[in-house]
Amino acid sequence: MTDTRETCLAIFGGSGIYEMPGLTIEDERDVETPWGKPSAPVTVGRLNGVRVLFLSRHGKGHSIPPSDLNARANVAAAKMLGATDMLSLSACGSFREELAPGHFVAVDQFVDRTKGRTPSFFETGCVAHVSIAHPVCSRLSEEAAQAAEAAGAKVHRGGTYLVMEGPQFSTKAESELYRSWGMDVIGMTAMPEAKLAREAELPYAILAMVTDYDCWHEDNGAVDVASVLAILGQNRDKGHKTVGEITKMIGTERTPSPDGIDTCLDYAIVTAPEARDPKAVEKLKAIAGRVL
Ligand SMILES: CSC[C@H]1O[C@H](OP(=O)(O)O)[C@H](O)[C@@H]1O
Ligand SMILES: Nc1ncnc2[nH]cnc12
């Protein structure tokens, strides 16, 4: 028996990606999750026949800074609305000459340097440890890379995204340090989002759209918001087209991620059933109902 269900692709639009043109909108859902409200109402619709959920990560008018994003509510809202997969479109700085502004990077690793964000749905009363050794879904990431190419973008496959706390950009010393560590790109939002997507058994991929060389590059000044938004303005269309292309590619009939992400909670919860706090379990049903 083949295990198929209908595809439902959640798109988290970051800086500069505040809407999804071409989407046949069916609903705007004001979702209340056990962790509060997501950044904005979620747009529910179809693109090329595929069910798509769109969330503007920073909310209406880009009013929520990275440190205040309620990533748990954002990911939970997607899960509660039936997402099967999740793709982030994010702006990022580059640590390599060849990852030039305007290029897209299909990131496959992260170094999490955020501070004070809540990184898990699981907490006292129901503890779980999922693996994030391979934090992105290999299939979705490759599909996203191919879709971005079809949309006309120059795409680099693989790369490590350093997630900083922000909201200030890095000092030159930090930028040099991250380069010496072999980091490829930098941003402020992919964590804990990617960790939470894994806990919700949602295959996650991210296309990081390079907007700047942070502040290490001799021939370029230090990054500022104006330059980020200018590059995003030139590449926004490619981001939008990428989503159209990926919906054509993935189609409506979905099989589970080849990486086992759809069932990663099978052996992750360590709290004995009799020791679980019923209140914690009740909340967790929103994202882990399959195993609770
Ligand atoms: C507006 S520049 C800094 C801002 O842009 C990126 O956001 P997102 O990942 O949502 O596109 C970066 O992480 C910062 O939050
Ligand atoms: N250089 C940079 N650092 C952090 N976040 C970014 N988003 C876009 N460019 C960035």
Side-chain angles (χ1 to χ4, degrees), residues 10-20 38-40 54-71 74-75 78 86-97 99-107 110-115 117 135-136 144 148 159-179 181 183-197 204-217 220-236 238-240 242-243:
I11 304 288
F12 280 20
S15 298
I17 308 279
Y18 304 121
E19 55 188 14
M20 201 36 64
S39 298
F54 177 77
L55 177 65
S56 174
R57 177 186 288 120
H58 297 281
K60 196 168 163 47
H62 199 134
S63 51
I64 311 173
S67 309
D68 291 348
L69 290 172
N70 187 342
N74 289 347
V75 172
M86 189 172 149
L87 174 64
S88 159
L89 296 175
S90 273
C92 71
S94 160
F95 290 129
R96 291 187 191 279
E97 187 83 48
L99 308 180
H103 293 190
F104 286 21
V105 182
V107 165
F110 303 98
V111 169
D112 186 355
R113 298 254 306 166
T114 63
K115 302 169 196 145
R117 302 184 187 181
V136 309
T160 302
Y161 173 135
L162 183 132
V163 197
M164 63 180 293
E165 183 58 38
Q168 302 83 1
F169 292 115
S170 306
T171 64
K172 187 144 190 285
E174 287 164 339
S175 201
E176 295 291 4
L177 179 68
Y178 303 149
R179 263 164 64 72
W181 287 352
M183 302 295 101
D184 297 299
V185 297
I186 184 164
M188 305 176 190
T189 60
M191 287 292 180
E193 187 175 276
K195 289 175 177 169
L196 295 165
Y204 181 87
I206 171 167
L207 285 174
M209 303 160 71
V210 178
T211 52
D212 58 88
Y213 282 117
D214 201 41
C215 60
W216 61 271
H217 199 291
N220 289 266
V223 54
D224 58 28
V225 167
S227 56
V228 169
L229 295 183
I231 295 288
L232 280 172
Q234 293 161 22
N235 290 282
R236 181 180 290 122
K238 286 190 190 127
H240 291 149
T242 296
V243 178

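It should be emphasised that the depicted structure is a prediction, and the values quoted were computed from it without experimental measurement. Indexing begins at 1, ligand by ligand and atom by atom, following the structure's order.
Of the protein's heavy atoms, Pro66 CG, 3.2 Å lies nearest to atom 15 (O) of ligand 1. Summary of contacts: the protein heavy atom closest to atom 10 (O) of ligand 1 is His58 NE2, 2.6 Å. Of the protein's non-hydrogen atoms, Asp212 OD2, 2.6 Å is the one closest to atom 9 (N) of ligand 2. Of the protein's non-hydrogen atoms, the one nearest atom 10 (C) of ligand 2 is Gly93 N, 3.5 Å. Counting protein heavy atoms only, atom 1 (C) of ligand 1 is closest to Ser15 OG, 3.5 Å. Regarding atom 3 (C) of ligand 1, its nearest protein heavy-atom neighbour is Phe169 CE2, 4.1 Å. Among protein heavy atoms, atom 9 (O) of ligand 1 sits closest to Thr189 OG1, 2.6 Å. Among protein heavy atoms, atom 2 (S) of ligand 1 sits closest to Val228 CG1, 3.8 Å.
If you number the atoms of ligand 1 from 1 as listed, the ones under 4.0 Å from a heavy atom of Gly187 come out as 13 (O). Below 4.0 Å from some heavy atom of Ser90 lie the following atoms of ligand 1, by number and element: 8 (P), 9 (O), 11 (O). Near Gly14, the atoms of ligand 1 lying under 4.0 angstrom from a non-hydrogen atom of the residue are 8 (P), 10 (O), 11 (O). Close approach of ligand 2 to Met164 (heavy-atom distance below 4.0 Å) involves ligand atoms 4 (C). Applying the 4.0 Å criterion to heavy atoms of Met188 picks out, from ligand 2, the atoms 4 (C), 5 (N). For ligand 2, the atoms closer than 4.0 angstrom to any heavy atom of Val223 are 1 (N).
Residues Arg179 and Asp214 are not paired through a salt bridge, judged by the lack of any N-O separation under 4.0 Å between the basic side chain and the carboxylate.
Closest approach of Gln168 to Met164, counting heavy atoms only: O-CE, 3.0 Å. The nearest pair of heavy atoms linking Phe104 to Lys238 is CZ-CB, 3.9 Å.
Inter-residue side-chain proximity for Ile11 and Leu89 is flagged as met; some heavy-atom pair is nearer than 4.5 Å.
Put simply, the side chain of Tyr204 never gets that close to the backbone of Pro135: no donor and acceptor are under 3.5 Å apart.
Among Arg57, Glu193, Met209, Met188, the residue whose heavy atom sits closest to atom 14 (C) of ligand 1 is Met188. When Thr189, Leu162, Val185, Thr211 are checked for heavy-atom proximity to atom 8 (C) of ligand 2, Thr211 turns out nearest.
Side-chain contact, Glu97 with His217: a donor N or O sits under 3.5 Å from an acceptor N or O.
Using cut-offs of 30° and 60° on the angle between ring planes, the pair His62 and His58 is parallel.
Among the atoms of Val225, none of the N or O lies under 3.5 angstrom from an N or O of ligand 1.
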